[in-house]
Amino acid sequence: MSEHPISRFAETRMVTLQQHIMEQQKYHPTATGEFSWLLSGVTQATKIIAAKVRRAGLVDILGDAGHENVQGEEVQKLDLFANEILMKCLAYRGNVGILASEENENPIVLHDTGAAGRYIVLFDPLDGSSNIDVNMPVGTIFSVLERQNTGFGPRDSLTDILQPGIRQRAAGYVIYGSSTVFVYTTGQGVHLFTLDPASGTFLLHKEGLEMPPAGKIYSVNEANFPDFEPPVQNFLKKIKSSKEPAFTSRYVGALVADFHRTLLKGGIFLYPRTAKAPQGKLRLLYECSPMAFIAEQAGGMATDGEHRILEKVPSSLHERSALFIGSRNIVEEALSYTRGERKD
Ligand code: P6P
């Protein structure tokens with residue numbers, strides 16, 4: 001029997017991100033098309049940011065914006081631009097009640113009554129921005145929560161925001177690297193899309209990605225080694241002395257880039273507590289939790305050295321956390337040190 005004419009396209013099915021998000025809808029019967037509509041706001045923003053990042057060297061947009069953000073860090077103008085674009089693309093979606101950004105001290109409450117403001121979107125608009133002026137990869141990280149009480153009347157938006165990562169409805173990131181790649185999960189696996197600059201479309205290139213269970217790459221800022229607690233130092237010494245497998249070190253200095261490599265190639269990324277960052281440096285709500293959701297959906301693991309990242313209940317919007325994330329085998333080995341089960 002002759003093949004159906006369409007079958008020859010089966011292997012190279014061309015799926016856009018919008019199509020894929022709509023298809024994911026069947027797993028979330030309670031979320032009508034509004035969930036897809038919300039995520040399309042994120043994709044719209046990241047396409048605009050990607051275009052700006054690609055031209056950063058061509059227009060006088062580099063250089064410090066001359067003021068500090070709530071984290072006390074010099075803000076590059078692209079940070080501001082990325083933040084503005086995400087706010088604009090998400091604020092008018094109609095179903096986003098609260099926006100929270102690394103760049104804003106307080107959350108932006110758009111709808112404080114009723115189901116209109118069903119979703120909460122948190123983001124780091126341009127992670128690793130210090131890499132911008134040396135043309136290294138940067139990224140956008142986002143996390144979607146649902147308001148817990150959609151009753152009427154003003155509510156304390158922070159109470160709605162301070163939910164553990166296991167309650168995320170979606171999480172993802174875009175890495176503006178040699179190509180622009182969009183990675184997301186809604187709890188049904190991890191899916192990767194590459195932006196086709198010619199058509200401005202994110203096209204599916206990996207569905208149901210799985211992180212390698214082991215790996216030979218560790219990623220840490222070695223300059224902080226003297227500052228790490230002894231169990232972390234012992235773990236790293238063990239890794240460095242390993243022969244089978246022999247490990248190599250890679251560190252870009254942008255979480256999105258270091259995590260993306262770990263997701264694809266396996267290994268471990270760690271940002272432990274240090275004297276300078278006694279709680280850890282990375283933000284729990286809009287850096288650690290979204291990456292942990294993706295890592296676990298890909299078969300990996302994410303902890304702060306004691307607790308599963310996705311079970312941590314934040315006490316403030318910009319709360320920091322230590323992060324050990326990557327292949328399950330290696331993260332479990334790190335935990336055996338940080339929990340005091342191993343000392344060698
Ligand atoms: P360090 C970028 O500033 C960032 O927030 C993360 O993207 C990155 O993983 C980390 O800080 C790098 O920190 O102290 O090694 O420069």
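Note that ligands are numbered from 1 as they come in the structure, with each ligand's atoms numbered from 1 the same way.
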Q | Leu255-ligand 1 polar pair, N/O distance under 3.5 Å | A | yes

(Q) Quick check on contacts: which atoms of ligand 1 are under 4.0 angstrom from a heavy atom of Ala254? (A) 7 (O), 9 (O)

Q) Ring centres of His20 and Phe202 under 6.0 Å apart? A) no

Q: Report, in ascending order of atom number, the atoms of ligand 1 lying under 4.0 Å from any heavy atom of Tyr251.
A: 1 (P), 12 (C), 13 (O), 15 (O)

Q: Give a yes/no verdict on whether any heavy atom in Leu282 is under 4.0 Å from an atom of ligand 1.
A: yes

(Q) Please verify the inter-ring angle class for Tyr271 with Phe269; under 30° counts as parallel, over 60° as perpendicular, anything in between as tilted. (A) tilted

Q) ligand 1 and Ser130, any nitrogen or oxygen pair closer than 3.5 angstrom? A) no

Q) Does ligand 1 have an atom that lies less than 4.0 angstrom from a heavy atom of Asp258? A) no

**Q.** Close approach of Gly128 to ligand 1, heavy atoms, under 4.0 angstrom
**A.** yes

Q) What part of Asn221 sits under 4.0 Å from ligand 1 if we count only heavy atoms: the side chain, the backbone, both or neither? A) side chain

Q: Scan side-chain atoms only and decide if Arg93 and Ser40 contain a donor-acceptor pair under the 3.5 Å cut-off.
A: yes

Q. Is the ring centre of Phe324 less than 6.0 Å from the ring centre of Tyr337?
A. no

Q) Would you say the side chains of Thr16 and Gln19 form a donor-acceptor pair under 3.5 Å? A) yes

Q. Among pairs that include at least one residue of residues 237-268, which meet ring pair (Phe, Tyr, Trp, His ring centres under 6.0 Å), considering only residues two or more places apart or in two chains?
A. Tyr173-Phe259, Tyr173-His260

Q) Does a donor on one side chain sit under 3.5 Å from an acceptor on the other, for Lys216 and Thr248? A) no

Q: State the atoms of ligand 1, each with its element, that fall below the 4.0 Å cut-off from a heavy-atom position in Gly253.
A: 2 (C), 8 (C), 12 (C)

